[in-house]
**Student:** 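Sending over a structure as structure tokens; questions will come in a sec.
Below, chains carry the letters A, B, ... as their sequence lines are ordered, and counting in each starts from 1.
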There are 2 protein chains.
Amino acid sequence: MAESQDWLTQLKAHGYRLTGARRAVVQVVASSARALTPVEVYDAARTAYPALGLVTVYRTLEKLEELGLIQRVHQEQGCNAYLPHAQGHQHLLICQRCGRAVYFDGDDLTALFARVGDEHGFVVREHWLQLFGLCAKCQPEVNRDVS
Amino acid sequence: MAESQDWLTQLKAHGYRLTGARRAVVQVVASSARALTPVEVYDAARTAYPALGLVTVYRTLEKLEELGLIQRVHQEQGCNAYLPHAQGHQHLLICQRCGRAVYFDGDDLTALFARVGDEHGFVVREHWLQLFGLCAKCQPEVNRDVS
DNA sequence: AACGATAATGAAAATCGTTTTCAATTATAA
DNA sequence: TTATAATTGAAAACGATTTTCATTATCGTT
Ligand SMILES: [Mn+2]
Ligand SMILES: [Mn+2]
Ligand SMILES: [Zn+2]
Ligand SMILES: [Zn+2]
């Protein structure tokens, strides 16, 4: 896949060696529509590279995060899952049922930030915005779950 | 303090007993302007109740969270700190230097949520918004740190 | 005020996710 | 092909949180 290849190129460019273990981890994370925990990456990547160790997953995620290729995703259920990093100014919209995550952009909240900052004597320098809901596929399923 | 007393009343109302350990923990968390981790609560509460055990801090925080009196705060440095719960629809503004946290309200992002939801076929049901910056006291200090 | 049922406590042990250590393996430049 | 240094996985260590358990303390009842 394209993104996968790009990550490998980046790793190489930063002096890291390309190994089977890294290829497997990169492939899994780069192509995931859901945020994955280290163990989830481990389980998925072992199908392509059975000798993989969980330690190597941790080490590879750490490097990918340093290079800005992935980012940690905070959710109610936990804060140790990773997704490909946002492109520019984007935020996440996450399905509460299946975990599918999409980035959106086009939010302009600078006026709000200025107002709130002024009201409390703060200078606002960063913001987190994240939306949760139900994706198209899961909307009917949730009704089914309830009934 | 007023909030502290209210929390104790709530605990009692839900069938929990009022103990020295609980009073100490409640007092510390209810009156904190910063989000506190279990160990921070432990250290602060022991000055009022030296026999306190860290386990009891965990157990008390768990109950306060169940009762909706406190909430977990997610930050870059960690996601295991607690603050008194927001009142109604409020979000946090946190100082990146001293950790001081204030709630703000008056944000209306429903139009944004509807637009983003439509664009991706999602129904948006929840949102997280959190601002980070420098409080009035810390703005000059940060310049000093840099120079 | 004293009692008794039982909730709550703290110390110690267990558990879980993550990190470190280390000897063996492997990628890569020469 | 070789040499070097990065990378690996297994095992041990670690730190935060949870569980276990015997003891203590709260609080409704007497
Ligand atoms: Mn934004
Ligand atoms: Mn809001
Ligand atoms: Zn978090
Ligand atoms: Zn500050």
**Student:** As a test of reading the structure: which of dC27(D), dT9(C), dT19(C) is closest to the side chain of Y58(A), going by heavy atoms?
**Tutor:**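 Closest nucleotide among those given: dT19(C).
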
**Student:** What is the distance, rounded to the nearest whole Å, between atom CG of L64(A) and atom P of dT7(D)?
**Tutor:**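 Result: 13 Å.
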
**Student:** Find the distance E40(B):CD to dG15(D):C1' and express it as a whole number of Å.
**Tutor:**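 So the CD-C1' distance, E40(B) to dG15(D), works out to 16 Å.
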
**Student:** Give the cluster check for L8(B) versus Y82(B): same hydrophobic cluster or not, with ILVMFWY residues linked at side-chain heavy-atom distances below 4.5 Å.
**Tutor:**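 Yes: a chain of side-chain contacts under 4.5 Å links L8(B) to Y82(B).
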
**Student:** Using heavy atoms to find the nearest nucleotide of DNA chain D for N80(B) and V57(A) separately, return the residue whose nucleotide is more 5′.
**Tutor:**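 Nearer the 5' end of the strand: V57(A).
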
**Student:** Identify which one of V116(A), T110(A), D107(A), L112(A) satisfies the side-chain contact (heavy atoms from CB on, under 4.5 Å) criterion when paired with H127(A).
**Tutor:**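 Of the listed residues V116(A), T110(A), D107(A), L112(A), the side-chain contact (heavy atoms from CB on, under 4.5 Å) partner of H127(A) is D107(A).
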
**Student:** What residues in residues 13-23 of chain B put a non-hydrogen atom under 4.0 Å from any atom of DNA chain C?
**Tutor:**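 The stretch gives Y16(B), R17(B), T19(B), A21(B), R22(B) as the residues lying under 4.0 Å from the strand, ordered by number.
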
**Student:** Rounded to the nearest angstrom, tell me the gap between atom CG in L54(B) and atom P in dA16(D).
**Tutor:**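 Spelled out: CG on L54(B) to P on dA16(D) is 10 Å.
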
**Student:** With heavy-atom distances below 4.5 Å as the criterion, would you say the side chains of E119(A) and L93(B) are in contact?
**Tutor:**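 Sidechains of L93(B) and E119(A): no contact.
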
**Student:** Without decimals, in angstroms, what is the distance between L61(A) CG and dT8(D) C1'?
**Tutor:**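 These atoms are roughly 16 Å apart.
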
**Student:** Atom CZ of R46(A) to atom C1' of dA10(D): distance rounded to whole Å?
**Tutor:**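 In whole Å, dA10(D) C1' and R46(A) CZ are 14 Å from each other.
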
**Student:** Is it true that atom CD of E141(A) has more than 12 heavy atoms of other residues, nucleotides or ligands lying nearer than 6.0 Å?
**Tutor:**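 Count over threshold, so yes.
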
**Student:** Output the rounded distance in Å from CD (E62(B)) to C1' (dA7(C)).
**Tutor:**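 So the CD-C1' distance, E62(B) to dA7(C), works out to 15 Å.
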
**Student:** In whole angstrom, give the distance that lies between atom OH of Y42(A) and atom P of dT19(C).
**Tutor:**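 Rounded to the whole Å, the gap is 16 Å.
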
**Student:** For R59(A) and dA6(D), give me the distance from atom CZ to atom C1', rounded to whole Å.
**Tutor:**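 Computing the R59(A):CZ to dA6(D):C1' distance gives 11 Å.
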
**Student:** May I ask you to check whether over 12 heavy atoms, not counting those of E65(B), lie within 6.0 Å of atom CD?
**Tutor:**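 Count over threshold, so yes.
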
**Student:** For residues F122(B) and C135(A), report the shortest heavy-atom separation together with the two atoms involved.
**Tutor:**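 The answer is CZ-CB, 3.5 Å.
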
**Student:** Check every strand shown and say whether Y49(B) touches a base, only sugar-phosphate, or nothing at a heavy-atom separation below 4.0 Å.
**Tutor:**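 Sugar-phosphate only.
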
**Student:** For the backbone of G106(A) and the side chain of R115(B), can you confirm whether one donor and one acceptor N or O come within less than 3.5 Å of each other?
**Tutor:**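 Present.
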
